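No experiment lies behind these values; they were computed from the predicted model shown. Throughout, protein chains are lettered first and strands after them, A, B, ... in sequence-line order, and every chain is numbered starting at 1. Quick note: numbers below take in every heavy atom, side chains included, and nothing from hydrogens, waters or symmetry partners.
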Protein chains: 2
Amino acid sequence: MSVSDVQNINTWITQINNDYKTAVSVDCVIFGYDDDAIKILVSKCDMPPFKDEFSLLGDIVRPEETTDEAAKRVLMIKTGFTDVFLQQVQVFSNIKRHPLGRVITVAYYSLIKIDEDHLAHLEKDAYLQWIPVSEVKSLAFDHYEIMHTCFQQLQKQIREQPIGFNLLPKKFTLHQLQRLYEVVLGIELDKRNFRRKLSTLGILKNIGESQSDVSHRPAKLYSFDEAVYEKKKTAGFNFGL
Amino acid sequence: MSVSDVQNINTWITQINNDYKTAVSVDCVIFGYDDDAIKILVSKCDMPPFKDEFSLLGDIVRPEETTDEAAKRVLMIKTGFTDVFLQQVQVFSNIKRHPLGRVITVAYYSLIKIDEDHLAHLEKDAYLQWIPVSEVKSLAFDHYEIMHTCFQQLQKQIREQPIGFNLLPKKFTLHQLQRLYEVVLGIELDKRNFRRKLSTLGILKNIGESQSDVSHRPAKLYSFDEAVYEKKKTAGFNFGL
């Protein structure tokens with residue numbers, strides 16, 4: 001290293017430390033589904049000027065963790081889940097997006113099954129609440145824009161990849177699967193076309209069981225055939241639903 | 001605001017200022033194409049321990065700009081282009097990715113036409129160089145991983161969206177278009193199948209001109225019909241090439 005190298009390094013370090021430092025956070029859009037609506041998990045905000053508004057779940061990224069690790073930490077602490085679909089979507093960096101100063105945030109979205117165990121865990125935290133995406137009119141900070149961007153990403157990806165199964169029980173009926181697509185995409189689908197497409201895709205396994213405890217004729221139960229999907233994926237698989 | 005609110009805010013501000021600040025940078029993977037290869041624009045690095053290795057073009061995000069604005073600034077200063085395809089891909093945040101301290105980077109990729117004017121501009125900067133993606137064996141920092149991730153994104157997106165036209169001249173032959181797909185995807189495509197698919201898609205405009213200055217029989221020239229594409233896009237258009 002020459003003297004000029006050292007001067008360069010010192011200039012860089014000084015500039016980074018003094019002028020170019022910012023806080024980095026993660027914000028998680030946690031989607032859940034319960035037959036009739038796609039919902040997001042929100043928390044009552046305790047930071048003025050957004051006090052008592054709803055906000056997404058998030059936190060500042062700590063010095064010893066990556067942004068992915070920070071998002072996993074937020075999810076784990078708030079929902080109890082460690083193994084859920086979680087995906088980085090986009091950075092939001094408007095310079096005035098946070099009232100306390102410059103905070104650049106990395107948005108993630110995740111998909112979880114809303115089941116009994118899970119609801120029991122959440123009830124312990126009085127600040128948390130599930131609200132249907134369609135009923136969200138505003139959120140604290142720029143969180144409405146973040147939610148909107150992530151929801152569009154979900155609508156796009158559910159047509160291309162088998163991510164929807166993360167929102168359904170392990171065993172599901174074809175009606176449940178169709179209903180999920182209708183609710184996420186906000187459209188009605190023709191039953192015969194939907195089933196024909198699915199049968200062409202060949203990624204559902206008839207598990208030889210039927211619904212129980214239903215008043216109507218029990219429907220057949222299916223599961224997602226991940227092995228078949230993985231084989232087809234390399235050929236440029238597209239759900240096209 | 002109550003007293004406890006104020007205390008909370010002070011705690012937050014102190015924590016953000018002292019413990020949770022980091023530098024944020026952008027790194028741009030600039031792809032260009034010249035008939036035979038997909039190339040990236042790199043710069044000789046002047047920062048130890050990577051001195052004289054090649055690195056991507058990037059910079060620290062300034063206090064008064066968003067990450068998108070920082071990426072545009074880097075592109076403009078280095079290539080002279082202000083209006084090119086530029087897209088955020090992913091955050092890279094491994095805690096030891098930068099020798100001078102914690103720097104979280106936002107990766108962007110962009111597509112530009114390598115033409116004469118452009119090459120003339122670049123020649124002014126002795127540090128800049130185009131190298132074929134296939135010949136890149138290593139880069140400074142974690143830039144090889146960033147390049148690899150962005151190249152995979154390009155390979156995925158070129159099958160789904162009409163982004164490839166950003167790499168071609170405004171008027172091109174069907175052979176040039178097929179060659180672009182072959183080079184990006186690293187596969188050979190059947191000429192008849194390729195042309196049949198394109199004709200089904202209906203997004204090319206025969207502009208009624210032919211090549212000039214060629215030794216072989218001049219081929220017809222086409223352009224991308226953006227208006228048709230925009231109409232078809234809402235129905236969930238997929239290139240499928």
Would you confirm whether Glu188(B), through its side chain, and Glu182(B), through its main-chain N or O, come within 3.5 Å as a donor-acceptor pair?
no
Candidate pair Glu145(B) and Arg97(B), rule side chain to side chain contact (heavy atoms under 4.5 Å, CB included), full reasoning
CA-CA 11 Å; Glu145(B) 189 193 347; Arg97(B) 58 172 299 282; over 6 Å; no
Relative to chain B, which segment of Val24(A) carries a heavy atom at a distance below 4.5 Å: side chain, backbone, both, or neither?
both
Taking every non-hydrogen pair under 4.5 Å, which of Asp68(B), Val106(B), Ile95(B) racks up the most with chain A?
Ile95(B)
So Gln157(A) and Gln87(A), side chain to side chain donor-acceptor pair (under 3.5 Å) or not? Walk me through it.
CA-CA 11 Å; Gln157(A) 271 189 305; Gln87(A) 191 183 278; 3.0 Å; yes
Please look at Glu69(A) and chain B and tell me whether the side chain, the backbone, both or neither of the residue comes under 4.5 angstrom of a heavy atom of that chain.
neither
So which part of Lys96(A) gets closer than 4.5 Å to some heavy atom of chain B, the side chain, the backbone, both or neither?
neither
Under 4.5 Å from any heavy atom of chain B, what part of Gln90(A) do you find: side chain, backbone, both or neither?
both
Most heavy-atom pairs under 4.5 angstrom with chain A, which of Asn94(B), Val91(B), Val89(B)?
Val91(B)
Arg102(A) side-chain N/O to Ser93(A) backbone N/O, donor-acceptor pair under 3.5 Å:
yes
Restricting to non-hydrogen atoms, name the atom on Leu86(A) and the atom on Lys72(A) that form the minimum distance, rounded to 0.1 Å.
CD2-CG, 3.7 Å
